Chemist: 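Below: one structure in structure tokens.
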Amino acid sequence: MLTRLYLGPILVLGLAVAVFCVFAYIMPPRLSASVYFAQFAEGSEKVALVALSLGTGAGFIWALFQTYGLWRWYRGFDSSCTRCGGMVGLKLGRFGQYYRCYACSGSSKY
């Protein structure tokens with residue numbers, strides 16, 4: 001259940017680190033070797049830092065939001081699955097809103 005709960009924030013953090021590595025380590029040497037794009041080499045390092053800080057901030061805020069939902073479910077303030085009692089998330093599907101369990105992947109329409 002925790003893996004499914006925190007998969008989104010972990011992917012956002014991983015993507016931020018990947019973008020940082022590309023813009024900070026891979027692109028500047030290649031851009032500075034070109035006559036036309038040498039001025040963009042310094043700018044790519046600034047873009048890397050901005051992308052890393054925005055991605056890290058978004059990932060941590062999303063993880064805090066998910067942790068707050070987990071805390072509400074643990075205390076009994078939020079809905080739980082009818083099959084296993086796990087934490088559920090509200091989804092929007094083809095036939096309207098439904099709840100999807102993070103533990104057993106069961107879905108139900110309350």
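Everything quoted here is computed from the prediction, not taken from an experiment. Both backbone and side-chain heavy atoms feed into the values below; hydrogens, waters and symmetry mates do not.
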Chemist: Is L2 reachable from I10 through a run of hydrophobic residues whose side-chain heavy atoms are each under 4.5 Å from the next?
Modeler: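 The answer is yes; both residues are in one hydrophobic cluster.
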Chemist: Find out whether R100 and V88 are in side-chain contact, i.e. whether some heavy atom of one side chain is under 4.5 Å from a heavy atom of the other.
Modeler: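 R100 vs V88: side chains apart.
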Chemist: Is there a continuous path of hydrophobic side-chain contacts, each under 4.5 Å between heavy atoms, that joins M27 to F40?
Modeler: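 Yes, M27 connects to F40 through the hydrophobic network.
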Chemist: On a heavy-atom basis, which atom in W73 and which in S80 lie closest, and how many Å separate them?
Modeler: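 That would be NE1-CB, 3.7 Å.
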Chemist: Each residue besides L54 in its hydrophobic cluster should be listed here, by chain and number; the cluster joins Ile, Leu, Val, Met, Phe, Trp and Tyr at side-chain heavy-atom distances under 4.5 Å.
Modeler: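 Result for L54 is V50.
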Chemist: The criterion is salt bridge (charged side-chain N to carboxylate O under 4.0 Å, His left out); which residues satisfy it with K91, sequence neighbours excluded?
Modeler: none
Chemist: Using a 4.5 Å cut-off on heavy atoms from C-beta on, say whether the side chain of C101 contacts that of M87.
Modeler: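 No. Closest side-chain heavy atoms not under 4.5 Å.
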Chemist: Using the test side chain to side chain contact (heavy atoms under 4.5 Å, CB included), find all partners of S34 that sit at least two apart in sequence or belong to another chain.
Modeler: Y36, F37
Chemist: Donor-acceptor pairs under 3.5 Å, side chain of residues 56-71 to any protein atom, not counting sequence neighbours: which ones?
Modeler:
residue, atom, partner, partner atom, Å
T56, OG1, L52, O, 2.7
Q66, NE2, L5, O, 3.0
T67, OG1, Y6, OH, 2.7
T67, OG1, A63, O, 2.7

Chemist: Is there a path from I26 to L31 through hydrophobic residues (I, L, V, M, F, W, Y) whose side chains come within less than 4.5 Å of each other?
Modeler: yes
Chemist: Counting only heavy atoms not in R30, do more than 12 sit closer than 6.0 Å to its CZ atom?
Modeler: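 No, the 6.0 Å shell around CZ holds no more than 12 heavy atoms from other groups.
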Chemist: Is there a path of hydrophobic side-chain contacts, each under 4.5 Å between heavy atoms, that joins V19 and V47?
Modeler: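 Hydrophobic grouping puts V19 with V47.
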Chemist: For R4, enumerate each residue passing the side chain to side chain contact (heavy atoms under 4.5 Å, CB included) test, keeping only those at least two apart in sequence or located in another chain.
Modeler: Y102, S105
Chemist: Do C81 and S108 make a side-chain contact, defined as non-hydrogen atoms from C-beta onward lying under 4.5 Å apart?
Modeler: no
Chemist: Under the ring pair (Phe, Tyr, Trp, His ring centres under 6.0 Å) rule, collect the residues that match up with F20, sequence neighbours excluded.
Modeler: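 Here the qualifying residues are Y25.
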Chemist: If hydrophobic clusters are built by linking Ile, Leu, Val, Met, Phe, Trp and Tyr wherever their side-chain heavy atoms come under 4.5 Å apart, do M1 and Y74 end up in the same one?
Modeler: yes
